[in-house]
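Naming convention: chains lettered A, B, ... in sequence-line order (proteins, then strands); numbering from 1 in each chain. It should be emphasised that the depicted structure is a prediction, and the values quoted were computed from it without experimental measurement.
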Amino acid sequence: MEERYNFTAIEDKWQKKWAEENAYKVVEGEDKPKYYCLEMFPYPSGNLHMGHVRNYSIGDVVARFKNMQGFNVLHPMGWDSFGLPAENAAIKHGVAPAKWTWENIANMRRQLKAMGISYDWDREVASCHPDYYKWTQWLFLQLFHNGLAYKKKAAVNWCPSCQTVLANEQVVDGACERCDSEVEKKALEQWFFKTTAYADRLLDDLEKLPGWPEKVKIMQENWIGRSEGARIKFTVKETGDDLEVFTTRHDTVFGVTYMILAPEHPLVKILTKGTEYEARAQEFIKNVQKLSEVDRTSTELEKEGIFIGAHAVNPLNGEEIPILIGNYVLMEYGTGAVMGVPAHDERDFKFAKKYNLEIRVVIQPEGPELKVEEMEEASTEDGIMVNSGDFSGLPNREGMVKIVDYLEKNNCGQRQINYRLRDWLISRQRYWGAAIPIVYCDECGLVPVPDQDLPVLLPEDVEFRPSGESPLKYSPEFVNATCPTCGKPAKRETDTMDTFVCSSWYFLRFCDPKNTEEAFNKDKVDYWMAVDQYIGGVEHAILHLMYARFFTKVFKDLNLVSVDEPFTNLLTQGMVLKDGSKMSKSKGNVVSPEEIIKKYGADTARMFILFAAPPERDLEWNDQAVEGCYRFLNRVWRLAFAYNEGIKGAQGEIGALEGADRGLRRLTHLTIKKVTEDVAGRFNFNTAISAVMELVNGLYNYKDKEQGTNMLVVKEAIESIVLLLAPFAPHITEELWYSIGYETSVHQEKWPVHIPETLAVDEVTVVVQVNGKVRDKIIVPVNMDKKAVEGLAKALPKVDEYLKGKDIKKVVVIPNKLVNIVVG
RNA sequence: GCCGAAGUGGCGGAAUUGGCAGACGCAGUGGACUCAAAAUCCACCGCCUUCAAAAGCGUGCCGGUUCGAGUCCGGCCUUCGGCACCA
C-alpha cells in the first residue's frame, strides 16, 4: 500500500476495472428483492454541471447502499436528447443537430464515468435515437387510437424567439420558460394530449403517494385546480339563445344583477350584429386584445366593461338582467361567461360600484344585517339565504344542494366540476424532435402512420434557416409521402413532439432498453416498476412529473403496465449556489465539476456535495470546505496505512473489553447504527458523513493513547469506516478494501449491522438542574434508582448553594438523563 | 391576495420522541514538529461583564403551555418557492 493517497491513479484504475467487469450490470429475477433507483436523465448540453453532480451523487449513494443491503438494484442512465439547443447550434454554427448532440453525449458520458457512478451502462438510452423515438411515435399512436391525441384549432402560446408553440406549463409569468421572451397568443391547428380526461385521477391519486414531498403534491393540486360548482343555463331574451355560466356559488343565483361575457365569447358577435352597440363592442374588444397576456390577466388591471344591448333571463326567478362584456372574464375557463353577483363577489362588487349596477344581498352572514348602502366590500362568508324565493331562510351550504337539485330537475343546469388544467399541447414547430407520425391525404384525410412504417425518420440532409423555421417544412423527401390507406401522394405532418413526451416514458424503456419488437416487455416492466426512488430537481414538480404520471395512467388503462403511479418515492434536491445565487454563465459564478475532479478527485467532490447540506436544501458551494473533505479522505487513508500490516495479521473473535478498547468498539457500532439510520431512513447524508468523521477522530484519539492496541478492535473500526463510506466515496474505499487484504469488491460486501450489546455502558452522565438551569453534572451507574440519583444530586455542593433557604417544591428525575430540582 | 417552506455562532449546518443548544466541517487563534515553510498532529473557538473564577444573556419578534421549549400552541415580522381576475 502506498503511503500517499493518489486519487488520480486510484480512480482511473477502478473505473477501468468496473467497466471491464461490467460491475454494475443487472438482470431481472435474481433471488433478491428488486429496487429501482432513478435520477432524472439529463439534457446533453455538453458539460456536466454541479446540479448534475449533486443529483447523481445522491442517486449513487442510494443505489450502492441498497445493493449492499441485498437488493437487486436497477440504476440506469440515459439522455433526454431532443430539444431546441441542438437546433440553435445548427443555425448558429452550422453543425448538424445529430452530430452536435452525439458529441455532447460522448463528452458527458465520459464526465459521468469519471464520477464513478454505479450505472448499468448497457441500459443507456437516448431519446433522439431512432430505436427510442420509434417507440415514442408508437406510443403517440396508442394515444391517438384511443382518442387521447387529437388536433384542434385553439388560441395557443407562441414564443416568437423559439419560433414554436408552448404548453401552458412552459409559460412562466407570461414568458417562455426557456428564453424569457414574452409569449404571444396565436390561433393555430395543434396536436393535444387529453390530460384533462385524467384530471380527477391525477388529483385523487396524489393521496397514494406518501413518499412524495407535500410541497410537490400541493403544487400539482394547485395546477390541476379542481373546483366543484354548477353550470347554469340562462337564456337571451332578445334571441332565445342559451347562455351558460359556471359558478361555484350557485347559492347566490338570486343575487345575479348582470351577466358578463369574455370579449372572445361567440355570442358577442351574434348579439351585437347590426345593432347600435356593434361598433362600441368591436372597439372594446380590440382594446382588450391589444393587451399582452400578462397585462390582461394581471389583478392590477382596472376592470372595465360595456353593455351590449341584450338581456339574459334568470332561470330561477325569471328576472331580466343586462348582458355586458368585460375585460376580466377569460374565455378559456368555464364557459367564458360569468354571472355578476356584486354583493358576494369581490370583483363583481368593484365592477358594479364603478358602473352603478344593482347590488343585492342574498346571503346574510352572522352579525349585523348587511345594508347595500353601507357595504364597502363584498361579503363572501357563509350565512342564511335571503331574497331568494323559496330558498330564503336556508343556510347557504344547504341551499346550494337544493338549488342544484332544482336546476337539474328543471333542465336549466347541472352539477359540474371544472379544472384549471388544460389539455397538453404537444406540437412543436421544430426539427429536432420526434416527428408526429401522421400523414394528410386529400382523399382519406388525416391518417396515422402504420406501426410497420415506424419510425418516421428525421431527414438529415436539411437546411437550417436563420428565420428559425423548422426545416422539415422545406424538406421535400420528408414532406412528400404516400397515403398508407389509398397509396396516393400525401403530405407528412411537419410538427414534432414536445420533448416532455420523450421523457414521459423513459423510465419504462430502461426496464427493457434493447427491445426491437415492443416499446417495452410487460413482464420486465412489471418486475422493475414502480421506480422505488426518483431523484431530481424541484423545477420538474409540475411539468415532467405530471406528464409522466399521465402517461403511466394511460398505459395502465391500455394494459401496457400494471402500476398506476410511476414513482413511489420522490426526492427533490435543492440547487447548487455560489455566492448566494444559482450558478450561471451570465453571473460568472460557475464551478466546473471537471476541474474539481481533476484537482481533488471524484470521491472528494461527491463527499463535499453530500456533506455540505441535506439533499432537499439549497447548497452553497465553498472551495475551502471541499478541501476539508479532501483532508478527511487523507485522514482515512493515513489511518489505514498506519494500521495496514497490523490488521492484516489480526485474526479471531473480539473478547471481553475494557476502557479505551471497549470505548472504540462502542463508537464503531454507534456509528454503524447512526449511518444506517441516516442513509436508509431520512437521506441525511450530511449527518451520516459527520458520524463517520467522528469515528475517524475517535480512532485517532485511540491511536494517540499509546496503551496496548487491540488490533481486532482497530480492524473492526477501520473496516467499518471503509464499508460505511463505500456508497459515498466508491474509489478510495475499493482501494483500501483490497489494501487491507480483501480480494473482492467492497461494493459487493454486505452493509454492516451494529451489535446492540456493544452499545451498553456502565455509567452515564446525568445533568443536574435547579429550576431548569444546569448547575452541575454527575456520573452515576446506568439505570440507577431514581431516589438514589435524586439524593446524589441534592448533595452536590454547587447544587446545594441554590437550594439553601428555599423550599423544594418538586423533583423531576429522567433516568440516565437529568434531574431537575424545582425550588420556590 | 391565497397556499407552502424556512429563519440557530463569522460561515455551511447538527440537535430524529419536549430533556446539557451549537455535533461535524470551514474560517480564525494558540501550540507541537521543522533551520524554515508547507503538510501533519494537539488544544481553544456563541455573546456580554471579567486579570481570572464565577455569573448573566442567547435558536427572527411578542405572548402562552410545561418542572423544562430551537422543538408544542396563539399572534406577528422577514426571506424564498408555487398559484393568482379561475367565476
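Taking atom P in both rG25(B) and rG64(B), one finds a spacing of 40 Å when rounded to whole Å. Remark: the separation of the P atoms in rC44(B) and rA53(B) is 14 Å, to the nearest Å. Spacing between rG68(B) and rU29(B) at atom C1', rounded to whole Å, works out to 36 Å. The gap from the P atom of rC45(B) to that of rG30(B) amounts to 15 Å, rounded to the nearest Å. Taking atom P on both rG9(B) and rU71(B), the two are 15 Å apart, rounded to the nearest angstrom.
At whole-Å resolution of the value, CD in Glu221(A) and P in rA5(B) are 13 Å apart. For the pair Phe632(A) CZ and rU40(B) P, the computed distance is 14 Å after rounding to whole Å. In this entry the distance linking NZ of Lys773(A) with C1' of rG58(B) reads 11 Å, nearest Å. Atom-to-atom, CZ of Phe611(A) to P of rA14(B) comes out at 10 Å; the value is rounded to the nearest Å.
When each of rC41(B), rC24(B), rC85(B) is scored by its nearest atom to the side-chain atoms of Ser690(A), the top-ranked nucleotide is rC24(B). The side chain of Arg775(A) lies closest to rG56(B) when the candidates are rA87(B), rA14(B), rG56(B). Closest approach to the Asp678(A) side chain among rG12(B), rU16(B), rA14(B) is made by rU16(B) (side chain taken as heavy atoms from C-beta onward).
Annotated as anti: rG75(B), whose O4'-C1'-N torsion sits more than 90° from 0.
As judged by a 4.0 angstrom heavy-atom cut-off over every strand, Asn771(A) is placed among residues making no nucleic acid contact. Using a 4.0 Å heavy-atom cutoff across all strands shown, Thr765(A) reaches no nucleic acid atom at all.
Within the structure, a side-chain polar atom (N or O) of Arg631(A) is placed less than 4.0 Å from OP1 or OP2 of rA27(B). Here Asn820(A) does not reach the OP1 or OP2 of rU66(B): none of its side-chain N or O atoms lies under 4.0 Å away. When the side-chain nitrogen and oxygen atoms of Arg682(A) are compared with OP1 and OP2 of rA15(B), one or more of them lie within a distance under 4.0 Å.
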